[in-house]
Amino acid sequence: MGQARSFLTLRGSFFGNQRIALSVGLCGIGPALAGNVGTGGAFALSREGDQDVDVPMLAPEPIPLPPGGVVWGHWRILGGTGSEACGKRFRREKWGRRVVDRAFYRIMITYEDALERVLKPLLAVPVVSMSLTEALGCCLAEDVSALVDLPGFDTASMDGYAVRAGEVSRSGVVLPCRLELAAGRVADRSLESGECARILTGAPMPAGSDAVVMQEDTEREVDGRIRFLDGVKPWENVRFRGEDFRMGTRVLAVGQRLGPPQLALAAAAGRAELRVHRKVRVVVASSGDELRSPGTPLAPGQIYDSNSVLLTTLFRSAGAEVIRVPTLPDQLEATMAGLESALSMGDLVITAGGASVGDRDFLRPAWERLGGRLDFFKVAIKPGKPVFFGTLRGGHLIGLPGNPVSAFVTAVLMALPALRRLQGSAEVGLPTTVGTLSAPLSNPGLRRHFMRVILEESGQVRSAGVQASHIILSLARSNGLVDVPPATEWVAGTPVRVLRWPEF
Ligand code: AMP
Ligand code: MG
């Protein structure tokens, strides 16, 4: 069985525990999509009653998506009895009871497909020169070669005494000290035979010396001479010129994200400015008439807007310049106007809410009315199924779902990689850590569940609590996600890969 790349959703009332194989055809849509689209994998119903069943589709791969991603059509269930039925309504007489009373398909794509479609049209933003401290969080648009050796000269790694190692090979040697060397100063003469030099960490080794005896292994005699309590080997406590890197070495590469260590390295290598991709401008908009800013009184039915804070801080901490625009009301024209202006302000527009199929979800209709292309709608993941991506006049929109957990999960799974690509980053994924479950974790559903977890420092992993997409408390407790495949029960002790939040 090939890996399923698309999913169909069947909505219906299902009865009994059954295994059903599907062959799916489409009707009532354009000629490009008419005909058979493939065969659904066999799926088992584990629950009775009204539900959506997501059926993995096997061929062809991938199923072409119509605009909006929603298709209606007929389908049939092939059973062992030879009876079959087509259409939106049917009864399966052989089994003597109704199997499905309503069905439609809605094509969902896998997370990997969705991510590929998001990343494909995105190009890194223009390149500029920036000072090192300005460039924090930006990605390099050039390879960086060292302008100097580091260390620039052989140097003491300890406070102590520079000696000729051959003269201090055993304990008890006493030598006069007539030379003092501190960091930043070069000796005006060589170390002569039969003497030692006071030397501090970072000072250049005087010519003639080849080891440093640490201060703790010496004593000063009353006449000022130095007694060595221990022998020393050649080159002990000496850092060599170019030991870290040599002039001309490539120390940083195109696409690397610049954090404090990388910027410090650039400074040590002699660079004052770097060629980087400028900051990406991300425009964040929440959608929903019920939303109010925290700090203002709530009328009945209203809630505080947490997604604006979530997304603004997420993208800002990921190195973007975030522009927050007023909440989009639940109204088509106003949403169109809001999207139009958001598009003109930034490189990437991220909305939260109004993305689903409800009567008051206007994001997709508004986008399409503006002429925007919809690259996908609905991804076979939980939480965050209703997420969409579109392109219009060179601008890009990721429409995230409104539930704060869904918004966050889809933001880190899809919008953050998009930001990384625009930033010119070589790496776009989340950091991962392998841990071990300290308690069972299960996903009885038919969609992959990105479950929020707590990854302990010890590597133990457990659920962060209630997994429903509106429970923000468990989100705030978690520090990562575990991708749990459909119909999976993992026992304690199972090794798991944790997708960690980016560093904030
Ligand atoms: P929607 O996707 O617009 O249907 O919203 C789904 C759920 O998320 C609803 O309960 C909304 O009230 C809630 N929601 C939407 N946007 C936000 C937001 N910005 N902050 C907090 N909750 C939100
Ligand atoms: Mg809404």
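Every number for a ligand or one of its atoms is a count from 1 in the order of the listing. Quick caveat, the model's predicted, so the values are computed rather than measured.
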Exercise. Can you name the ring pair (Phe, Tyr, Trp, His ring centres under 6.0 Å) partners of Phe450, sequence neighbours left out?
Worked result: Tyr111

Problem set entry | Contacts of type side-chain contact (heavy atoms from CB on, under 4.5 Å), residue Pro404, not counting sequence neighbours | Ser306, Asn307, Ile472

For this session: Using modelled atom types only, decide if a donor and an acceptor are shared between the side chain of Arg117 and the backbone of Gly390 within a distance under 3.5 Å.
Result: no

Exercise. More than 12 heavy atoms of other residues, nucleotides or ligands under 6.0 Å from NZ of Lys279: is that the case?
Worked result: yes

Seminar exercise, completed: Pocket residues around ligand 1 (non-hydrogen, under 4.0 Å) come out as Ser286, Ser287, Glu290, Leu291, Ile303, Tyr304, Asp305, Ser306, Asn307, Gly353, Gly354, Asp361, Gly402, Asn403, Pro404

For this session: Return the set of residues passing side-chain contact (heavy atoms from CB on, under 4.5 Å) with Leu343 (not counting sequence neighbours), or none when no residue passes.
Result: Val349, Trp367, Leu392

Exercise. Take atom CD in Glu489; do more than 12 heavy atoms of anything else shown fall under 6.0 Å from it?
Worked result: no

